[in-house]
Each structure stands twice: as C-alpha cells, then as structure tokens.
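Structure, as structure tokens:
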Amino acid sequence: QVQVVESGGGLVQPGGSLRLSCAASGSFFRLNYMAWYRQAPGKQRELVARISSDGATTYADSVMDRFTISRDNTRSTVYLQMNSLKSEDTAVYYCTANARFTRDANYWGQGTQVTVSS
C-alpha cells in the first residue's frame with residue numbers, strides 16, 4: 001500500500017496562517033504528483049493546489065496568492081502554507097498522492113480539519 005498522512009490542521013482566526021504537511025510513503029515506483037483538496041459541509045470536494053513531479057504548481061482561483069504548495073528534497077513530502085485565512089476556507093483538507101504501485105492511482109490521507117473562526 002501507499003500511505004498518505006496529513007498533519008497541521010487546527011483552529012485559527014481570520015487573517016491568520018496555518019501550515020499543513022503531507023507525507024507519502026510506501027513501495028511505489030513513481031510519484032506523479034501530490035495535491036491538496038478540501039471539502040466543506042454541503043459542498044463538493046475541490047482541488048486547492050497541486051504540485052507535479054517537475055515542480056509545476058496549480059492553484060484554485062479562490063486561494064491564489066494566499067496559499068503556497070511546496071515540497072521537500074524527497075519529493076514525497078508536501079506542504080500547504082495558508083496565509084490570510086478566511087472563514088470560507090473552513091473545510092476538511094485532504095492530501096492525495098498520485099503514485100505508481102501496481103498501477104497509477106490516487107492515494108488519500110484521512111483528512112485534517114481546518115477551522116477559521118473568531
């Protein structure tokens with residue numbers, strides 16, 4: 001199996017910052033990309049940010065210029081730096097790794113709650 005583990009969620013005031021971490025591990029042959037999704041109550045799960053194997057990044061319009069996705073030198077740990085947080089950012093944040101184990105597939109973490117509230 002491929003394991004994906006997130007950490008760093010919590011409660012923060014509007015305008016504050018949080019940094020989420022995600023580590024992918026296991027016996028995979030290739031890591032294609034890693035990404036952060038989020039899901040708020042009553043809403044569909046949406047892509048927040050993605051970083052590909054070549055380092056290219058993609059962001060949702062709603063988080064552009066506020067969130068930054070990055071990775072460490074292992075290329076299997078990614079971070080989501082979230083600044084200028086709004087109440088609308090409240091959601092469960094999920095990390096996914098698209099990796100080749102026996103085939104290319106998405107592997108998901110269990111999610112971490114981010115709550116933005118005064």
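Contact record, Ala24 with Ala97: CB-CB, 3.9 Å, taken as the closest heavy-atom pair. Scanning both residues, Val4 and Trp108, for their nearest heavy atoms gives CB-C, 3.9 Å.
More than 12 heavy atoms of other shown residues, nucleotides or ligands fall within 6.0 angstrom of atom CG in Asp54.
Residues Val12 and Met82 fail the side-chain proximity criterion, which asks for heavy atoms closer than 4.5 Å. Residues Ser53 and Met34 have side chains not in contact (no heavy-atom distance under 4.5 Å, counting atoms from C-beta outward). Looking only at side-chain heavy atoms (C-beta outward), Phe28 and Tyr107 stay at 4.5 Å or farther from each other. Side-chain atoms of Ser17 and Gln81, non-hydrogen and from C-beta on, do get closer than 4.5 Å to each other. No side-chain heavy atom of Thr112 sits less than 4.5 Å from a side-chain heavy atom of Ser7.
For the disulfide bond (SG atoms under 2.5 Å apart) condition, the pairs that include at least one residue of residues 64-103, sequence neighbours left out, are Cys22-Cys95.
Taking CG of Asn83 as the reference point, atom CZ of Arg19 lies at 10.0 Å (rounded to 0.5 Å). The CG atom of Leu47 lies 7.5 Å from the OG1 atom of Thr58; values are rounded to the nearest 0.5 Å. In this structure, OG in Ser118 is found 7.0 Å from CD in Gln13, a value given to the nearest 0.5 Å.
No donor-acceptor distance shorter than 3.5 angstrom exists from the side chain of Arg50 to the backbone of Ala56, with no hydrogens or angles considered. Remark: the backbone N or O of Ser84 is paired with a side-chain donor or acceptor of Arg66 at under 3.5 angstrom. A donor-acceptor pair under 3.5 Å links the side-chain atoms of Thr90 to the main chain of Val116, judged by distance alone. Formation of a donor-acceptor pair under 3.5 Å by the Glu6 side chain with backbone atoms of Gln110 is found in this model.
The aromatic rings of Phe67 and Tyr93 are tilted relative to each other, their planes meeting at an angle between 30° and 60°.
Following chains of ILVMFWY side-chain contacts shorter than 4.5 Å, one can reach Leu18 starting from Leu80, so the two form part of one hydrophobic cluster. Linking Ile, Leu, Val, Met, Phe, Trp and Tyr residues whenever their side-chain heavy atoms come within less than 4.5 Å leaves Tyr59 and Tyr94 in two separate clusters.
Checked against salt bridge (charged side-chain N to carboxylate O under 4.0 Å, His left out), Arg45 has no partners two or more places apart in sequence or in another chain. The salt bridge (charged side-chain N to carboxylate O under 4.0 Å, His left out) search around Asp104 returns Arg100, not counting sequence neighbours.
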(request) Walk me through it: do Asn98 and Leu31 pass the test side-chain contact (heavy atoms from CB on, under 4.5 Å)? (result) CA-CA 6 Å; Asn98 185 272; Leu31 184 62; over 6 Å; no
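In this model, a donor atom of one side chain and an acceptor atom of the other lie less than 3.5 Å apart for Thr74 and Ser76. Looking at Thr96 and Asn106, their side chains do bring a donor and an acceptor atom within 3.5 Å of each other.
The cationic atom of Arg71 (NZ for Lys, CZ for Arg) does not lie both less than 6.0 Å from the six-membered ring centre of Tyr79 and within 45° of the ring axis.
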